[in-house]
Number of protein chains: 2
Amino acid sequence: MEELSATAYVILGMVRGEPKSGYEIKAAVDGTTRFFWAASYGQIYPELKRLSEAGLIAGSDSPTGGRRRTVYAITADGEEELVAWLRQPPSTYELREEGLLKLFFADALPRPDAVEILRAMRVHRLAVAARLRAMEPLALERGDPFPLAVLRAGIEFTEWFADWCERTEAQLLDPDHEKRSS
Amino acid sequence: MEELSATAYVILGMVRGEPKSGYEIKAAVDGTTRFFWAASYGQIYPELKRLSEAGLIAGSDSPTGGRRRTVYAITADGEEELVAWLRQPPSTYELREEGLLKLFFADALPRPDAVEILRAMRVHRLAVAARLRAMEPLALERGDPFPLAVLRAGIEFTEWFADWCERTEAQLLDPDHEKRSS
DNA sequence: ACAGGCATGTAAATAGTTACATGATTCG
DNA sequence: CGAATCATGTAACTATTTACATGCCTGT
């Protein structure tokens, strides 16, 4: 058997516990892991078929009224595969941030426009932080320690980033006195 | 004219200032933006051809001895395109971190193995932080404020992340007394 | 002589997004 | 009734990595 894709493991992890439909998996991803690992229908549905054929998940019809619906449950093989993957040291780390890329080249802009990049980044991050903070009470209620920890990583990261933007903006406007208000 | 890819702008930004060969662009990316925006030869060389045909960069032969070599310089049109892109609010933000994904599903593992994920993440981040710190003196010498700011973002982020791993590990091992040593 | 770095490029595979098509159900 | 949501799926495109092929030049 070939290597599974990261999306395959996202699916395995998501259907562990309660079985889910493709639609529900997408919703779960959007509500939780989206901030550090996304998945689209174009990945999910074909992957569900592959995982099903490989025997790592099993689909069963579960229509809601006249609306056809297939929910997938993890199999023993699937659980084994998931756990084996979890035990391997993680190897994908990428902070894809167009704002940092633009800032890197901001020398090509007049100073006020360059600073504007930082302002835009900060505004965006503050909005994200608010959304994540709003999700925290729900995650707390659920009581699952790992998703909660991951959410808090997202919150802390986003707030740290917004703060970094603010500090860097100040430094660019007043470059000689970095240490004044420590 | 169609929209340009992010890689196209990376190239435009990299050849602004001194002209560079494809090989040098790759080296520059690996030495600087790699931590938040990478590019491979498979993207760079075809993109150089496209940008050249679009008149945004201009290549000129510049062999080193008998070794053929083409360096590309940005054109006025290219500079305009780059600046227009820099002025638009950034729109790609993604923290792709397999470790967080694994941690999210770590419920499937016995507790010590779950904690091991955090330890592996931390070890990795500490190694990255060391590499980035080693690059700081050079960036300081160069005196370009934007690349330096971006590098420092990388350092701060990496160190924050390593610290978060440590704190979260401690909390998972001793969940009831989160506030003891504030 | 040989290793390693400079240099250009392509092919194939994998990954991932976007847009669309289809149709049912629910809620206002 | 119409909009939103549930639900499944595909096609086309874009992005990205990996591996390979080729060949020159420099230092040991």
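We use all heavy atoms of the structure for the numbers below, so side chains are in, but hydrogens, waters and symmetry mates are not. Naming convention: chains lettered A, B, ... in sequence-line order (proteins, then strands); numbering from 1 in each chain.
- Side-chain heavy-atom separations under 4.5 angstrom define the hydrophobic clusters, and A:Y93 shares its cluster with no other residue.
- For the segment residues 16-34 of chain A, residues with any heavy atom less than 4.0 angstrom from an atom of DNA chain D are, sorted by number, A:S21, A:G22, A:Y23.
- Here B:E116 does not pair with B:R111 in a salt bridge; the nearest charged N to carboxylate O distance is not below 4.0 Å.
- Residues B:V128 and A:L95 are members of separate hydrophobic clusters, defined by side-chain heavy-atom contacts under 4.5 angstrom among Ile, Leu, Val, Met, Phe, Trp and Tyr.
- Looking at residues two or more places apart in sequence or on another chain, you find no ring-ring contact (aromatic ring centres under 6.0 Å, His included) involving A:W37.
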Distance-only criterion, 3.5 Å: show the donor-acceptor pairs between side-chain atoms of residues 48-57 of chain B and protein atoms not counting sequence neighbours.
residue	atom	partner	partner atom	Å
B:R50	NH2	B:E47	OE1	2.9

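- Across the protein-nucleic acid pair, B:L48 atom CG and C:dT10 atom C1' stand 14 Å apart, rounded to whole Å.
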Check the interface with nucleotides 19-24 of chain C: list each N/O to N/O pair with the protein under 3.5 Å, or write none.
residue	atom	partner	partner atom	Å
C:dA24	N3	A:R67	NH1	3.3

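- Here B:S40 reaches the OP1 or OP2 of D:dT17: one of its side-chain N or O atoms lies under 4.0 Å away.
- The ring-ring contact (aromatic ring centres under 6.0 Å, His included) check on B:F36 picks up nothing, with sequence neighbours excluded.
- At D:dT16, one or more side-chain N or O atoms of B:Q43 fall inside 4.0 Å of OP1 or OP2 (strictly under the cut-off).
- Distances from the side chain of A:K49 to the nucleotides D:dT8, D:dT10, C:dT10 place D:dT10 closest.
- In this structure A:D30 satisfies the salt bridge (Lys or Arg N to Asp or Glu O under 4.0 Å) test together with A:K26, sequence neighbours excluded.
- Straight-line distance from the CG atom of B:D61 to the P atom of C:dA7: 13 Å, rounded to whole Å.
- Across the helix from C:dA1-D:dT28 to C:dG28-D:dC1, the helix axis at one end is tilted relative to the axis at the other end by 30° (nearest 10 degrees, each axis from five pairs).
- Summarising the geometry, the separation between CD1 on B:I44 and C1' on C:dC6 is reported as 14 Å, rounded to the nearest angstrom.
- A:Q88 places no side-chain N or O within 3.5 Å of a backbone atom of A:W85 that could act as its donor or acceptor partner.
- C:dT26 atom P lies 12 Å from atom CZ of A:R69, rounded to whole Å.
- When the side-chain nitrogen and oxygen atoms of B:R96 are compared with OP1 and OP2 of C:dG16, one or more of them lie within a distance under 4.0 Å.
- Residues satisfying the side-chain contact (heavy atoms from CB on, under 4.5 Å) test with B:E24, not counting sequence neighbours, are B:K20, B:S21, B:R69, B:V71.
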Using distance only, find each side-chain donor-acceptor pair of residues 134-145 of chain A under 3.5 Å and give its atom names and separation, not counting sequence neighbours.
residue	atom	partner	partner atom	Å
A:E136	OE1	A:R133	NH1	3.3
A:E136	OE2	A:R152	NE	3.0

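- Nearest-nucleotide positions on DNA chain C for A:T7 and B:T70 put B:T70 closer to the 5' end.
- Distance, B:E47 CD to D:dA15 P: 8 Å, rounded to whole Å.
- Applying the side-chain hydrogen bond (donor to acceptor under 3.5 Å, both in side chains) test to A:T33 and every residue at least two apart in sequence or in another chain returns nothing.
- Taking the ring-ring contact (aromatic ring centres under 6.0 Å, His included) definition, one finds that B:Y45 meets it with B:Y41, sequence neighbours left out.
- Atom OH in B:Y45 sits about 18 Å away from atom P in D:dA21, given to the nearest Å.
- Distance, B:R50 CZ to C:dT10 C1': 13 Å, rounded to whole Å.
- Taking atom CD1 of B:I11 as the reference point, atom P of D:dA15 lies 12 Å away to the nearest angstrom.
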